[in-house]
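In what follows, a structure is listed as structure tokens, so that the remarks can point back to it.
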Amino acid sequence: MMELAQDFTEFLQHARVQQRLSPRTLRIYTDGLERLQAMLVEAAIDARNLNIAQARRLAALLHREGLAPKSIALLLSVWRSAYRWLGLQGRVTLNPFDGLRAPKAPKPLPKALGVDDAVQLAAYAPEAAADPVLEARDRAMVELLYGAGLRASELTGLDAQASGQAAGWVDLQANEVHVLGKGGKRRSTPLGKAAAEALRAWLAVRPQVVAAGEAALFVGSRGHRIAGSTLRATLSARAVAAGSPAHVHPHMLRHSFASHLLQSSGDLRAVQELLGHAHITTTQVYTQLDHQHLARIYDAAHPRAKK
């Protein structure tokens with residue numbers, strides 16, 4: 001292990017005694033400063049004379065070495081803190097790491113089920129349901145999440161009847177779902193045949209469990225509006241029972257709805273409207289999902305793609 005320069009050693013002593021950092025955080029600071037010192041020695045740069053251009057080159061070197069953006073950001077934070085303290089001690093005239101930021105980490109693509117897996121989950125029907133009434137409810141919820149691309153909060157916010165107080169409702173005559181989305185924006189989404197049939201089946205048995213005066217379309221076992229946590233747990237358990245290959249949550253079905261529609265239609269603007277996105281850029285992430293789908297087909301089918 002490299003012996004740290006006196007400036008960095010004294011900073012770590014200050015962090016331990018004055019700032020009372022935890023042993024784990026001190027270890028992170030020590031590792032970060034050892035790395036900085038090694039880079040400075042290799043570049044023949046005096047730590048007290050490090051300038052902004054040189055600091056930028058050090059950050060760029062971290063990127064070229066393949067460090068993840070989060071790891072680079074952590075190192076820069078440690079280095080920034082050390083030079084801030086050196087400045088307070090009058091040992092440097094500037095902090096070369098001020099304003100220096102790590103490259104942005106790429107946003108992970110939303111996870112979506114394959115078409116076959118999504119259809120299998122939506123059509124899943126246990127041979128002997130423990131509670132046929134709640135089974136009808138669960139199937140209707142899955143059909144709405146995947147068939148209409150609803151958010152979990154939009155689904156749980158639906159009422160059984162349209163009213164001035166309802167955040168959302170289903171119009172089975174028009175085969176439409178009306179919801180109150182993000183930012184208080186209302187939108188209507190078409191309701192497919194499978195979802196409409198599942199909803200009718202649920203509405204036929206809903207009176208058996210709903211509490212008196214409860215307006216919610218979907219209710220829990222006690223008869224009141226179903227909670228988001230109950231929805232997530234129910235969907236997760238149903239996905240396992242249906243043999244789904246991934247941990248399934250409500251938003252995954254919304255992603256599946258969007259990516260499958262885009263794969264079939266190629267109409268990004270229509271998908272934007274159906275999802276209730278304010279900006280087209282939010283919806284464009286699904287074009288990347290579509291590209292991944294095409295790439296998998298290419299890799300599996302094209303003779304020149306096979307190794």
Side-chain angles (χ1 to χ4, degrees), residues 113 118-244 247-257 276:
L113 290 171
V119 171
Q120 179 178 318
L121 174 58
Y124 171 70
E127 292 183 3
D131 188 330
V133 174
L134 294 184
E135 164 59 24
R137 178 203 67 182
D138 296 347
R139 184 167 187 178
M141 291 194 302
V142 172
E143 287 285 7
L144 263 180
L145 287 170
Y146 178 55
L150 302 188
R151 299 179 176 93
S153 59
E154 293 170 350
L155 181 89
T156 57
L158 291 173
D159 281 0
Q161 301 290 333
S163 70
Q165 292 75 40
W169 63 90
V170 177
D171 184 342
L172 283 172
Q173 287 188 330
N175 282 335
E176 289 181 339
V177 186
H178 302 270
V179 296
L180 184 66
K182 284 187 176 180
K185 285 184 60 180
R186 289 198 174 275
R187 76 178 189 281
S188 298
T189 301
L191 188 66
K193 181 180 178 182
E197 289 177 353
L199 270 171
R200 288 190 177 94
W202 159 239
L203 287 171
V205 296
R206 176 178 171 273
Q208 297 179 33
V209 291
V210 69
E214 178 58 69
L217 175 59
F218 294 112
V219 298
S221 56
R222 296 185 179 181
H224 296 290
R225 188 179 300 276
I226 193 169
S229 57
T230 304
L231 170 63
R232 289 189 292 274
T234 299
L235 179 58
S236 179
R238 191 174 184 84
V240 170
S244 293
H247 171 65
V248 178
H249 52 82
H251 223 66
M252 183 182 286
L253 290 184
R254 177 172 161 87
H255 294 322
S256 303
F257 164 85

query: Quick one: side chain to side chain contact (heavy atoms under 4.5 Å, CB included) partners of R238, sequence neighbours excluded?
result: L121, Y124, E135, D138, R139, V142

task: Measure from the side-chain N and O atoms of E143 to the backbone N and O of L199, and report whether any donor-acceptor pair falls under 3.5 Å.
output: no

message: Within this structure, what is the CG-CZ distance for the pair D131 and R137, rounded to the nearest 0.5 Å?
response: 8.5 Å

I226 side, atom CD1; T234 side, atom OG1 - distance, nearest 0.5 Å: 5.0 Å

message: Could you measure the distance from the CG atom of L191 to the NE2 atom of H178? Nearest 0.5 Å is fine.
response: 10.0 Å

Return a table of donor-acceptor pairs under 3.5 angstrom between the side chains of residues 208-216 and protein atoms on other chains or two or more places apart.
from	atom 1	to	atom 2	distance (Å)
E214	OE1	H224	ND1	3.2
E214	OE1	R225	N	3.4
E214	OE2	A216	N	3.0

- prompt: Is the side chain of S244 donor-acceptor paired with the backbone N or O of V240 at a distance under 3.5 Å, no angle test?
  reply: no

message: For a quick test of reading the model, state the closest non-hydrogen atom pair linking A198 to A140 and the distance between them.
response: O-CB, 3.7 Å

task: Kindly assign one of parallel, tilted or perpendicular to the pair H251 and H255, based on the angle between their ring planes and the thresholds 30° and 60°.
output: perpendicular

query: Is there a donor-acceptor contact under 3.5 Å from the side chain of S236 to the main chain of R232?
result: no

message: Measuring from atom CD of E176 to atom OG of S188, what distance do you get when rounded to the nearest 0.5 angstrom?
response: 5.0 Å

- line: Tightest non-hydrogen contact, residues P250 and L235, listed as N-CD2, 3.3 Å

query: Are the side chain of R187 and the backbone N or O of L180 linked by a donor-acceptor pair below 3.5 Å?
result: no

Derivation and outcome, side chain to side chain contact (heavy atoms under 4.5 Å, CB included), residues F218 and L144: CA-CA 11 Å; F218 294 112; L144 263 180; 3.7 Å; yes

message: Working to the nearest 0.5 angstrom, can you tell me the gap between L217 CG and L203 CG?
response: 6.0 Å

- request: Go through the structure and list residues passing side chain to side chain contact (heavy atoms under 4.5 Å, CB included) with S153, not counting sequence neighbours.
  value: R151

List, one per line, each side-chain donor-acceptor pair under 3.5 Å for residues 166-173, sequence neighbours excluded.
from	atom 1	to	atom 2	distance (Å)
D171	OD1	Q173	N	3.1
D171	OD1	A174	N	3.1

query: Ignoring hydrogens and geometry, is there a side-chain-to-backbone donor-acceptor pair from T156 to A152 under 3.5 Å?
result: yes

field: Qualifying side-chain hydrogen bond (donor to acceptor under 3.5 Å, both in side chains) pairs with a residue from residues 194-207, counting only residues at least two apart or across chains
entry: none

task: Any chance you could measure L145, atom CG, to F257, atom CZ, to the nearest 0.5 Å?
output: 11.0 Å

